Amino acid sequence: QPTSGARQIDLGGRYLLPGLIDAHSHIESPAAALRALQSGVTTSRVLGDTNLQAMGTRDLIRAGHVPGPDLLVSPGHIRPKPGIAFYMVYPQFGDAVDGELRGPDRIAEAARALIAKGADVIKVGASERAGLASTDPRKQELTEDEIRAAVTEAAKKGLYVAAHAHAREGAAAAVRAGVRSIEHGTWVDEATLDEMKRRGTFFVPTLAVMSPLGDPQGNSAEDVALQLRTQSMMGPLRAAVRKAHMLGITVAAATDGSYADKDDTGRIRIAHEIAILREHEGFTPLESITAATLNGARVAGIDKRTGSIRVGLEADLVVVEGDPLTDASTFFEPRLVVSDGRIVVEGAGL
């Protein structure tokens with residue numbers, strides 16, 4: 001029964017679901033956080049951060065100063081060449097600026113440094129990036145021993161490690177090292193998928209960003225190179241997702257997007273991922289919704305407090321106009337969004 005003075009909302013035949021969970025984003029600013037929230041995202045893992053902007057936004061949200069999803073942030077990306085922004089935040093590793101951050105001891109130290117900054121999750125690089133024409137996503141980055149060092153340090157604090165992994169060898173090494181999730185997983189092979197199933201490793205494939213939706217829109221040589229790369233990577237990734245689905249590996253939906261203005265990935269929403277899962281990867285409508293709700297909570301290890309609608313859980317809720325089991329497009333414009341019991345989006349007529 002509602003408590004005295006509680007507001008009651010008649011949904012008028014609309015559909016109630018758990019708040020959406022973006023299992024891999026790059027939300028950094030309060031403005032981007034608000035856009036994510038308006039799209040129905042009430043929780044997101046932010047895997048990587050530039051100059052601790054996501055951490056600052058996370059803390060503003062948690063203190064109630066600005067609206068946004070609950071952000072679970074990795075305050076950096078541990079990889080051999082993490083970039084100058086990483087060294088500006090962690091100058092104790094500055095001796096590697098002109099070389100590489102290498103060795104299990106150094107990677108363990110880096111993991112401890114991220115934890116000291118207040119990390120909710122740790123991100124490591126098992127392969128090079130796909131979003132830069134100058135990098136080769138088929139190339140392994142950290143070794144199995146280096147990744148295991150990060151996993152060991154994270155576990156001491158009850159935290160999980162997410163591995164950026166396109167390369168077959170990199171993904172295999174990350175799974176053997178004990179990471180919580182494989183992010184992207186473009187060229188993951190059947191042996192590694194079998195190992196993921198055995199270990200309970202989660203798969204966060206970020207399908208929408210690996211489609212033309214995530215491509216730069218310009219005509220420069222680099223932009224065209226990335227557009228062509230997308231064409232070569234979509235097929236293997238989709239095949240890997242279908243195999244993972246057949247094996248019963250838990251797949252979580254994610255944008256890998258920034259939700260930022262004037263950004264190539266800023267246009268991507270979880271609704272795109274839901275549609276791709278059900279239209280191209282063989283997921284039932286309910287499975288695609290679960291990938292964007294409960295499975296995201298499971299990856300983050302927070303399914304005891306969100307990801308479903310049950311008494312005792314946080315009131316993270318989304319209301320949509322159309323039947324989400326028959327129309328994936330209904331997720332593009334939520335009519336009501338409730339984040340931890342607070343109404344943050346309310347459409348006319350409710």
Side-chain angles (χ1 to χ4, degrees), residues 22-33 36 44-63 65-66 68-132 134-135 141-143 146-165 174 179-181 183 254 256-260 263 265-266 300:
D22 189 338
H24 182 147
S25 78
H26 292 279
I27 298 167
E28 293 191 337
S29 70
S44 181
R45 287 192 311 166
V46 182
L47 297 184
D49 191 3
T50 306
N51 296 324
L52 302 184
Q53 293 179 89
M55 295 289 284
T57 297
R58 179 200 71 178
D59 293 345
L60 285 172
I61 292 168
R62 290 183 180 177
H65 299 309
V66 299
D70 182 19
L71 301 182
L72 307 173
V73 182
S74 176
H77 183 168
I78 301 174
R79 60 195 331 161
K81 296 182 178 181
I84 193 63
F86 179 92
Y87 294 116
M88 291 170 67
V89 174
Y90 304 102
Q92 62 267 45
F93 302 105
D95 59 317
V97 164
D98 294 323
E100 290 192 339
L101 195 60
R102 282 288 186 185
D105 290 345
R106 210 77 200 279
I107 298 305
E109 185 184 355
R112 290 194 295 270
L114 267 65
I115 292 167
K117 292 292 186 186
D120 303 294
V121 59
I122 301 295
K123 182 183 183 182
V124 299
S127 78
E128 290 192 354
R129 293 180 57 184
L132 295 175
S134 59
T135 56
E141 282 198 319
L142 295 177
T143 67
E146 288 169 336
I147 297 171
R148 184 175 290 108
V151 171
T152 298
E153 292 303 318
K156 291 176 182 177
K157 299 297 182 179
L159 301 180
Y160 299 124
V161 173
H164 169 103
V179 300
R180 178 74 166 184
S181 60
E183 313 293 312
D256 195 19
S258 68
Y259 294 87
D263 185 294
T265 68

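Because the structure is predicted, anything quoted here is derived from the model rather than measured. Heads up: numbering here begins at 1 and tracks the sequence.
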- Side-chain heavy-atom pair Val151, Val179 within 4.5 angstrom cut-off: yes
- Where do Arg106 and Asp95 land on the side-chain contact (heavy atoms from CB on, under 4.5 Å) test, with the steps shown first? CA-CA 12 Å; Arg106 210 77 200 279; Asp95 59 317; 2.8 Å; yes
- Item | Whether Arg148 side chain and Pro104 backbone form a donor-acceptor pair below 3.5 Å | no
- Task: Drop me the distance from Thr143's OG1 to Ile107's CD1, to the nearest 0.5 angstrom.
- Result: 8.0 Å
- Item | Pro75 to Asp49 - nearest heavy-atom pair and separation | CA-CB, 3.8 Å
- His65 versus Asp59: any side-chain heavy-atom pair under 4.5 Å? no
- Provide the closest heavy-atom pair for Gly68 versus Ile61 in the form atom of the first, atom of the second, distance. O-CG2, 3.5 Å
- Message: Taking the side chain as everything from C-beta on, heavy atoms only, tell me whether Ser181 gets closer than 4.5 Å to Arg45.
- Response: yes
- Task: Looking only at non-hydrogen atoms, find the nearest pair between Ala126 and Ile147 and report the distance.
- Result: CB-CD1, 4.0 Å
- Item | Closest contact, heavy atoms only, Ser74 versus Leu114 | OG-CD2, 3.7 Å
- Item | NZ-CG distance between Lys81 and Asp98, expressed to the nearest 0.5 angstrom | 10.0 Å
- How long is the gap from CD1 on Ile115 to CG on Leu159, to the nearest 0.5 Å? 5.5 Å
- Item | Closest non-hydrogen atom pair between Val161 and Ala154, with its separation | CG2-CB, 3.7 Å
- Query: Under 4.5 Å between any side-chain heavy atoms of His26 and Asp256, yes or no?
  - Reply: yes
- Message: Using every non-hydrogen atom in the two residues, find where Gly48 and Lys123 come nearest and quote the distance to one decimal.
- Response: N-CD, 4.2 Å
- Message: Is there a side-chain contact between His164 and Arg79 in this structure, where contact means two heavy atoms from C-beta onward sitting under 4.5 Å apart?
- Response: yes
- Task: Look at Arg112 together with Glu109 and state whether they make a salt bridge at an N to O cut-off of under 4.0 Å.
- Result: no
- Item | Salt bridge present between Arg58 and Asp120 (N-O < 4.0 angstrom) | yes
- If we only count heavy atoms from C-beta on, is the Ile78 to Tyr90 side-chain gap below 4.5 Å? no
- Item | Spatial distance of atom CG (Asp22) from atom CG (Leu72) [nearest 0.5 Å] | 11.0 Å
- Thr50 OG1 to Met55 CE distance, which is reported to the nearest 0.5 Å: 13.0 Å
- Task: Verify, without hydrogens or angle tests, whether Glu28 (side chain) and Ala54 (backbone) share a donor-acceptor contact under 3.5 angstrom.
- Result: no
- Side chain Thr135, main chain Arg129, donor-acceptor under 3.5 Å: yes
- Query: Short question: side chain of Thr265, backbone of Ser258 - any donor-acceptor pair under 3.5 Å?
  - Reply: yes
- Task: For residues Val121 and Arg180, determine if any side-chain heavy atom of one lies less than 4.5 Å from a side-chain heavy atom of the other.
- Result: no
